[in-house]
Chemist: 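I have a structure I would like to understand better, so I am pasting it below and will then ask my questions one at a time.
Side-chain atoms are counted along with the backbone in the values below, which use heavy atoms only and exclude waters and symmetry mates.
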Amino acid sequence: EMNSRGVGSGAAAGLPDPPLRVCLHGDVVRSSILLESTLCYLREMPADVPRLLSWAFHGRRYLDRRLAELPNLDVSLLLYDDDHLRKLSSVRDAGRGIVLDAGQTPELGRRVAAHLGLFDEVTAADKGITAKRMVRDAKTTAWNRDHVPALLRAMRPHHWLKNLLLFVPILAAHELDHPAALFDVGLAFAAFCLCASAVYLANDLFDLASDRIHPRKRLRPIASGRAPVVAVVMLVPFLALASLALTLALPAAFGAMLACYLLVNMAYTMRIKQILGLDVIVLALLYALRIGAGAAAAAMTPSYWLLAFSMFLFLSLALLKRFAELRELDVLEDSNLHGRDYRGSDVSALLSLGGASGYISVLVLVLYINGDAITLLYGKPQFIWLLCPLLMFWITRMWLIAQRGELREDPLFFAVCDKPSLMVALASLVTILFAI
């Protein structure tokens with residue numbers, strides 16, 4: 001124990017103090033090392049789940065030890081208790097030795113000790129963690145009410161705006177005057193919001209390492225430790241099951257699409273986002289899937305024109321997001337974006353592909369205007385032509401802003417706060433009303 005000046009009681013009595021024993025799990029590292037090691041293992045070797053389960057079958061101590069022996073966990077990215085480390089540093093400066101008790105994970109303890117440079121010795125307890133903890137803030141690992149705001153923020157409710165795409169099919173079909181269809185799509189919207197939050201939480205869990213070295217993402221609730229990993233792991237299946245439960249009141253086709261959305265998102269989180277090119281295509285598909293799910297909830301057949309248009313437009317936005325990330329982090333030409341398979345030299349290719357995809361969406365719109373289907377919905381379809389220059393202006397402007405390095409967030413949320421983008425949206429709505 002230390003007194004108020006950081007000096008041991010033995011020194012106060014003129015006797016040399018014994019080494020101060022501190023615990024790796026809880027004193028030095030605030031988050032759950034077991035969970036972070038497990039997530040790191042699943043991220044690096046997603047196909048090797050049977051081995052992980054076999055380790056867990058032998059008990060937690062065995063699982064702790066086996067995971068700690070793996071070199072995949074970067075100890076420099078663990079969530080350390082900075083206040084505690086400063087106190088330990090003052091103890092060391094006062095001449096007292098410090099022993100790190102690593103419990104059942106001595107190998108991990110040695111790696112942490114080498115990284116921090118504070119400890120004179122690393123020991124392993126015989127029966128779990130036995131060292132007395134000098135500082136222990138239970139709020140960092142347990143679920144309590146103080147963490148609710150951080151957990152809600154980690155669920156990213158502002159991203160629920162993307163799920164408004166579910167209303168696009170009934171909007172495009174001019175079916176807003178059908179209360180039953182609106183209610184069903186509203187229920188589907190709620191299901192997608194819960195499911196999306198589960199996906200965002202799972203994604204942040206698997207992205208802990210890359211988020212903690214990102215200048216902006218390191219402030220996210222989970223990466224910063226304000227939302228405990230233990231609580232998040234419990235919340236993910238609860239939200240996913242709640243979203244699937246809502247599908248029982250909707251058509252089976254919608255339930256199938258929501259399940260597909262969840263499975264594809266999990267595959268994206270664990271592996272697809274690390275595959276060059278495939279990641280942005282899957283992101284675009286997930287946006288288009290929202291539109292198809294909205295049609296399924298309203299028992300409608302989705303327009304293939306609408307699906308094709310949205311696919312190319314959202315592919316452009318997905319490429320725009322990757323382009324902006326490379327520009328924001330100023331990734332060197334021969335270096336990779338952490339957690340992704342993109343290099344700094346890819347910016348020119350992303351610029352070309354993204355711009356081309358955006359303009360192809362305009363071409364799809366042109367082909368739709370020249371078809372026969374448009375006359376079934378619009379009394380004056382010639383007004384729809386005005387959407388083409390509006391869309392071209394918006395796509396061009398977004399890419400030029402990203403090229404200047406001024407796009408530092410999700411393109412859709414940038415657009416929501418961008419006055420010219422809002423003016424384009426208003427002008428598009430007025431154009432559609434005139435066409436109707």
Chemist: Is any NZ, NE, NH1 or NH2 atom of the basic residue among D346 and R343 found under 4.0 Å from an Asp or Glu carboxylate oxygen of the other?
Modeler: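 Answer for the salt bridge query: no.
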Chemist: Check whether any side-chain heavy atom of M423 lies under 4.5 Å from a side-chain heavy atom of W394, and answer yes or no.
Modeler: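 Result no, sub-4.5 Å side-chain heavy-atom pair not found.
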Chemist: Quiz question: by atom type and distance under 3.5 Å, do the side chains of W160 and S197 form a donor-acceptor pair?
Modeler: yes
Chemist: Can you name the nearest heavy-atom pair linking R30 to G225, along with the distance?
Modeler: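 What the structure gives for the nearest pair is NH1-O, 4.5 Å.
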Chemist: Within a strict 4.5 Å, meaning less than it, do heavy atoms of the Y80 and V112 side chains meet?
Modeler: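 Yes, at least one pair of side-chain atoms sits under 4.5 Å.
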Chemist: Using 0.5 Å steps for rounding, measure from the CZ atom of F206 to the CG atom of L42.
Modeler: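 Going from the CZ atom of F206 to the CG atom of L42 covers 5.0 Å.
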Chemist: Using a 4.5 Å cut-off on heavy atoms from C-beta on, say whether the side chain of L422 contacts that of L426.
Modeler: no
Chemist: Can you establish whether the number of heavy atoms outside F183 located under 6.0 Å from its atom CZ is more than 12?
Modeler: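 12 or below, so no.
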Chemist: Taking atom CE of M45 as the centre, report whether more than 12 heavy atoms of other residues, nucleotides or ligands fall under 6.0 Å from it.
Modeler: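 Correct, the count exceeds 12.
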Chemist: State whether the number of non-hydrogen atoms from other residues, nucleotides or ligands found under 6.0 Å of F238 atom CZ is greater than 12.
Modeler: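 Counting neighbours around CZ of F238, 12 or fewer heavy atoms of other residues, nucleotides or ligands fall under 6.0 Å, so no.
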Chemist: Taking the side chain from T269 and the backbone from N265, do they hold a donor-acceptor pair closer than 3.5 Å?
Modeler: yes
Chemist: Tell me, do I291 and Y287 make a side-chain contact under 4.5 Å, heavy atoms counted?
Modeler: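 I291 does not reach Y287 side chain to side chain.
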Chemist: Starting at CG of L429, measure out to CZ of F434 and round the result to the nearest 0.5 Å.
Modeler: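 These two atoms lie 11.0 Å from each other.
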Chemist: Report yes if some heavy atom in the side chain of Q274 is under 4.5 Å from a heavy atom in the side chain of D279; otherwise report no.
Modeler: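 Counting from C-beta outward, Q274 and D279 never come under 4.5 Å.
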Chemist: Search all heavy atoms of A154 against all heavy atoms of P221 and return the closest pair with its distance.
Modeler: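 Distance-wise, the nearest heavy atoms are N-CG, 3.8 Å.
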Chemist: Taking V347's backbone N and O only, do any of them form a donor-acceptor pair with Y342's side chain (distance below 3.5 Å, no angle check)?
Modeler: no
Chemist: Quick one: which of K273, K217, R43 gives a side-chain hydrogen bond (donor to acceptor under 3.5 Å, both in side chains) with D207?
Modeler: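 That would be K273.
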Chemist: Does W399 reach the side chain of F323, with side-chain heavy atoms less than 4.5 Å apart?
Modeler: yes
Chemist: Of all the heavy-atom pairs spanning R218 and H214, show the shortest one and how long it is.
Modeler: CG-O, 3.1 Å
Chemist: With rounding to the nearest 0.5 angstrom, report the CD to CG distance, E36 to L79.
Modeler: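 So the gap between those two atoms works out to 7.0 Å.
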Chemist: State, to 0.1 Å, how close A191 and S243 come at their nearest heavy-atom pair, and which atoms those are.
Modeler: O-CB, 3.1 Å
Chemist: Yes or no on side-chain contact (heavy atoms from CB on, under 4.5 Å) for D101 and D27, after CA distance, side-chain angles and deciding distance?
Modeler: CA-CA 10 Å; D101 193 321; D27 285 343; over 6 Å; no
Chemist: Decide whether Y41 and D48 meet the rule of one side-chain donor and one side-chain acceptor closer than 3.5 Å.
Modeler: yes
Chemist: Would you indicate whether R397, at its atom CZ, is surrounded by more than 12 heavy atoms from other residues, nucleotides or ligands within a distance under 6.0 Å?
Modeler: yes
Chemist: Run the numbers on R65 and W55 for side-chain contact (heavy atoms from CB on, under 4.5 Å), then give the verdict.
Modeler: CA-CA 9 Å; R65 187 169 67 254; W55 291 347; over 6 Å; no
Chemist: Determine the minimum heavy-atom distance between A298 and I170, stating which atoms define it.
Modeler: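 Between these two residues, the closest heavy atoms are CB-CG2, 3.7 Å.
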Chemist: Do the side chain of S54 and the main chain of R51 share a donor and acceptor less than 3.5 angstrom apart?
Modeler: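 Pair found, side chain donor or acceptor close to backbone of R51.
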Chemist: Any carboxylate oxygen within less than 4.0 angstrom of a Lys/Arg side-chain nitrogen, looking at D64 and R60?
Modeler: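 Yes, this pair counts.
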Chemist: Establish, from distance only, whether the side-chain atoms of R226 and S224 form a donor-acceptor pair under 3.5 Å.
Modeler: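 S224 and R226 do have a side-chain donor-acceptor pair below 3.5 Å.
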Chemist: Might you point out which heavy atoms bring V168 and L306 nearest each other, and give the distance in Å?
Modeler: CG1-CD2, 3.7 Å
Chemist: State, with a plain yes or no, whether a side-chain heavy atom of M155 is found less than 4.5 Å away from one of L239.
Modeler: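 Side-chain contact under 4.5 Å: yes.
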Chemist: Distance from R212 atom CZ to L77 atom CG, nearest 0.5 Å?
Modeler: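 Here the rounded value is 7.5 Å.
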Chemist: Would you please classify the geometry between the F189 ring and the F167 ring as parallel, tilted or perpendicular, with 30° and 60° separating the classes?
Modeler: tilted
Chemist: Assign the ring pair F192 / Y261 to parallel, tilted or perpendicular, where the plane angle (0 to 90°) is split at 30° and 60°.
Modeler: tilted
Chemist: Are S316 and Y359 linked by a side-chain donor-acceptor pair shorter than 3.5 Å?
Modeler: no
Chemist: Once you round to the nearest 0.5 Å, how far does CD1 of I281 lie from CG of L286?
Modeler: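 It comes to 12.0 Å.
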Chemist: Can you check side-chain contact (heavy atoms from CB on, under 4.5 Å) on F414 and I401, steps first, answer last?
Modeler: CA-CA 11 Å; F414 176 86; I401 289 174; 3.9 Å; yes
Chemist: Set out, in order, the CA-CA distance, both residues' side-chain angles and the distance that settles side-chain contact (heavy atoms from CB on, under 4.5 Å) for R156 and D204, then state yes or no.
Modeler: CA-CA 11 Å; R156 303 189 207 177; D204 284 354; 2.3 Å; yes
Chemist: Could you check whether any side-chain heavy atom of R322 comes within less than 4.5 Å of a side-chain heavy atom of L283, counting everything from C-beta outward?
Modeler: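 Side chain of R322 against side chain of L283, heavy atoms only: contact under 4.5 Å found.
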Chemist: Just verifying a value: how many Å separate C40 SG and L35 CG, rounded to the nearest 0.5 Å?
Modeler: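 Spacing of SG (C40) from CG (L35) equals 12.5 Å.
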Chemist: Between S357 (side chain) and G354 (backbone), is there a donor-acceptor pair under 3.5 Å?
Modeler: no
